[in-house]
Amino acid sequence: DAGVIQSPRHEVTEMGQEVTLRCKPISGHNSLFWYRQTMMRGLELLIYFNNNVPIDDSGMPEDRFSAKMPNASFSTLKIQPSEPRDSAVYFCASSANYEQYFGPGTRLTVT
Amino acid sequence: AQSVTQLGSHVSVSEGALVLLRCNYSSSVPPYLFWYVQYPNQGLQLLLKYTSAATLVKGINGFEAEFKKSETSFHLTKPSAHMSDAAEYFCAVSEHNQGGKLIFGQGTELSVKP
């Protein structure tokens, strides 16, 4: 099994640009989670899906952030427009039997 | 609402010494509990989990944790630290019927001195 796949691994963009992060969960997992990790705020849950349906998006910081899961094998997290304070590592995780499996993360730098 | 508290944001031990990372939780129902490890520039990796079976849980890399309901604790231990154990460790709690959502503690960074 390839595990959770995230792309890109690194993203550098200018303030105001749109950023799209991608995630392919482990096949057969029915829950998918997006997290953000920074030194200041630690690990934060942004949103999670169950069977492709968003269940809890209370962690999404503001309307600039949106997430979709059009099918069981793909999810995106979009930031539009991006700001320097969005710089962080973004993790996707998929879950089965309450065990979450994390991807390698996308390191986003907004200048 | 459930929560997790990890005591000590940074723990330093000598190689070969006992590792003890503390985790306390609050939950209204019997929880599932987890320890994850994060090595630099990597995602989190599951070390071990408690799901209401045996209270002493063994995980990978020689780690184990004991669920103590009376103390609402789930401390992580390893008898003898190795240099490769240096990483950040996260305790997490999940309640049932929450779609696998986990509440993570703030993490404890473990340093191992030679």
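The sequence lines fix the lettering, A, B, ..., with proteins before strands; numbering per chain opens at 1.
In this structure, Phe90(B) and Gln37(A) approach most closely via the heavy-atom pair CZ-NE2, 3.7 Å. Scanning all heavy atoms of the two residues, the minimum distance from Phe91(A) to Gln38(B) falls at CZ-NE2, 3.4 Å. When all heavy atoms of Ser95(A) and Gly100(B) are compared, the closest pair comes out as OG-CA, 4.2 Å.
When the side chains of ILVMFWY residues are joined at heavy-atom separations under 4.5 Å, either directly or via intervening members, Leu77(A) and Phe74(A) end up in two distinct hydrophobic clusters. Under the 4.5 Å side-chain contact rule for hydrophobic residues, Met83(B) and Phe63(B) share a cluster. Hydrophobic clustering of Ile, Leu, Val, Met, Phe, Trp and Tyr side chains at less than 4.5 Å, counting indirect connections, unites Tyr50(B) with Ile103(B). Residue Leu48(B) is grouped with residue Leu110(B) when hydrophobic side chains (ILVMFWY) are merged at heavy-atom distances under 4.5 angstrom, including chains of intermediate members. Leu56(B) and Trp35(B) sit in two unconnected hydrophobic clusters of ILVMFWY residues. Membership requires side-chain heavy atoms under 4.5 Å apart, directly or through other members.
At a threshold of 4.5 Å between non-hydrogen side-chain atoms, the residues Asn41(B) and Arg107(A) count as touching. Within the 4.5 Å cutoff, the side chain of Leu102(B) has heavy atoms near those of the Gln100(A) side chain.
Dense packing is recorded around CD of Glu62(A), with more than 12 heavy atoms of other residues, nucleotides or ligands lying under 6.0 Å away. The number of heavy-atom neighbours closer than 6.0 Å to CZ of Arg22(B), taken from other residues, nucleotides and ligands shown, is 12 or below. Crowding of Asn71(A) atom CG: a count of heavy atoms from other residues, nucleotides or ligands under 6.0 Å exceeding 12.
Ring to ring, Phe34(B) and Tyr98(A) are not that close: their centroids are 6.0 angstrom or more apart.
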(message) Using the rule given for side chain to side chain contact (heavy atoms under 4.5 Å, CB included), can you reason through Leu43(A) versus Leu44(B), listing the C-alpha separation, both sets of side-chain angles and the distance that settles it, and then say yes or no?
(response) CA-CA 10 Å; Leu43(A) 189 67; Leu44(B) 280 69; 3.9 Å; yes
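At a 4.5 Å heavy-atom cutoff, Glu88(B) makes no contact with chain A through either its backbone or its side chain. Neither the backbone nor the side chain of Phe49(A) comes within less than 4.5 Å of any heavy atom in chain B. For a residue to count as touching a neighbouring chain, one of its non-hydrogen atoms must lie under 4.5 Å from one of that chain's; by this rule Gln6(A) does not touch chain B. No part of Asn30(A) comes within reach of chain B, as not one of its non-hydrogen atoms sits under 4.5 angstrom from that chain. Neither the backbone nor the side chain of Ile55(A) comes within contact range of chain B, judged by heavy atoms closer than 4.5 Å.
In this structure, CZ on Phe33(A) lies 9.0 Å from NZ on Lys101(B), to the nearest 0.5 angstrom. One finds the OH atom of Tyr36(B) at 7.0 Å from the CD atom of Glu99(A) (value rounded to the nearest 0.5 Å). Atom CD of Gln45(B) and atom OH of Tyr101(A) lie 10.5 Å apart (nearest 0.5 Å).
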